[in-house]
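Quick notes on the structure that follows.
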Amino acid sequence: MGKTSKDKRDIYYRRAKEEGWRARSAFKLLQIDNECHILDGVNKAVDLCAAPGSWSQVLSRRLNENYKKALETGNATPPKIVAIDLQAMAPLEGVIQIQGDITNINTANQIISHFDNEQADLVVCDGAPDVTGLHDMDIYIQSQLLLAALNITTHILRKGGTFVAKIFRAKDVTLLYAQLKIFFPYVYCTKPRSSRNSSIEAFVVCKDYSPPEGYKPHMLNPLLTHKPCDFDELTGINRVIVPFVVCGDLSQPDSDTCYPLDYEGKEYTYHEPVQTPIAPPYQEALSLLENRNTDFRRPDVSVVVDNFNSMTISDFKKQAKQTQKTINESKTESQGSRGNDSNEDVLELDKLMSTELSDKSTNKDGDKI
């Protein structure tokens, strides 16, 4: 890595090394807390997708600071922090680490067991997929990761707790907001200053966890576990919420799927467009097809192109137009030659008619009448 690389020029990258943070993302959680005060009164916290552990570091330092302040005023309970990730993570003082899957019910049970069968006050998730560069794919995977984090949060978060997670802002982000608002009356989106402007990432801060009455947490997530699910097992409010949160609203056809013409038993009938294009982009191509010599769909096309591999599309069009122009000019010249012959015949006829008229206008003595 060169001395002038992007990371070396990043002020938060340098500050993270100077202050002992494992990653620059630590400043994101610190700035979120300064804005939304998510760490106030927190004693039990869970860090999902924790590796390499910068957010766990922030939780450990801040909660221990709050604990020391609480001891000065009276009795206080030592904080507990649980970090979960599929990857192994170097040990952190005061942080319980679990190497597990957040889509597994056993992971949720392990977290609660570390809290002495009590639930957490705060759940944070800074997880993100390994981006592929295909933005639609990355956004979809990130949204599924966020819903997986929300799914396990419903098992481990107490009522009134707070949930913070990374989100990719995209065209369908309102659907995620709607899903989060089922469980949290307060949903706020923030982008810390330490988050690069070139990134579409942001963070949702969800406060006052309030699940609907009668809702029972369920690890139903067929998109991630690929296991067959029987939605008939769900009853009441669970039957409505769980499929919506896991899969989105699937009551309408998928725009990315091809369906048969006779869809849902209805016979397909062709309908003309409501409004045909005024100036379609293929109008130039249609003009080339008007003449047989430039109809490239026919095997006897007369346009011959040399060095086709080295010719651009614009050059090809110019050559085709020039050929068409030459053909039109030859037709015009042939029509013009025929027109000249007819003009000479008309002049001869006019001359004869004028002579005959002059003879009739003169009497036998030679005088004009």
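What you see below is based on every heavy atom in this structure, not just the backbone, and it leaves out hydrogens, waters and symmetry mates. Please read all numbers here as calculations on a predicted model, not as lab measurements.
V240 shares a hydrophobic cluster with no other residue; no ILVMFWY side chain has heavy atoms under 4.5 Å from its own. Through direct or relayed side-chain contacts under 4.5 Å between Ile, Leu, Val, Met, Phe, Trp and Tyr, L71 connects to Y67. In the hydrophobic clustering, L261 connects to Y268, Y270, either directly or through intervening members, whenever side-chain heavy atoms lie under 4.5 Å apart.
No donor-acceptor contact under 3.5 angstrom links the side chains of T107 and D101, judged on distance only. In this structure, a donor-acceptor pair under 3.5 Å is absent between the side chains of N43 and T77.
Taking the salt bridge (Lys or Arg N to Asp or Glu O under 4.0 Å) definition, one finds that D116 meets it with K80, sequence neighbours left out. The salt bridge (Lys or Arg N to Asp or Glu O under 4.0 Å) check on E19 picks up R15, with sequence neighbours excluded. Not a single salt bridge (Lys or Arg N to Asp or Glu O under 4.0 Å) links R61 to another residue, sequence neighbours left out. For F115, the ring pair (Phe, Tyr, Trp, His ring centres under 6.0 Å) test picks out no residue, with sequence neighbours left out. A search for salt bridge (Lys or Arg N to Asp or Glu O under 4.0 Å) contacts involving E35 returns nothing, not counting sequence neighbours. With sequence neighbours left out, S195 forms a side chain to side chain donor-acceptor pair (under 3.5 Å) with K191, E201.
Identified under the side-chain hydrogen bond (donor to acceptor under 3.5 Å, both in side chains) test for residues 234-243, with sequence neighbours left out: D232-R239. Each side-chain hydrogen bond (donor to acceptor under 3.5 Å, both in side chains) pair with one or both residues in residues 206-216, not counting sequence neighbours, would appear here, but there are none. Residue pairs that meet the side-chain hydrogen bond (donor to acceptor under 3.5 Å, both in side chains) test with at least one member in residues 82-91, sequence neighbours left out, do not exist here.
Side chain of Q57 to main chain of R22: a donor-acceptor pair is present (N/O by atom type, distance under 3.5 Å, no hydrogens or angles). Proximity of a side-chain donor or acceptor of S60 to a complementary backbone N or O of E93 within less than 3.5 Å is detected. The main-chain N or O of R193 is found under 3.5 Å from a side-chain atom of Q31 such that the two form a donor-acceptor pair.
Checked for salt-bridge contact, D126 and K28 miss the test: no charged N lies under 4.0 Å from a carboxylate O.
Note that CG of L48 is 10.0 Å distant from CD1 of I98, once rounded to the nearest 0.5 Å.
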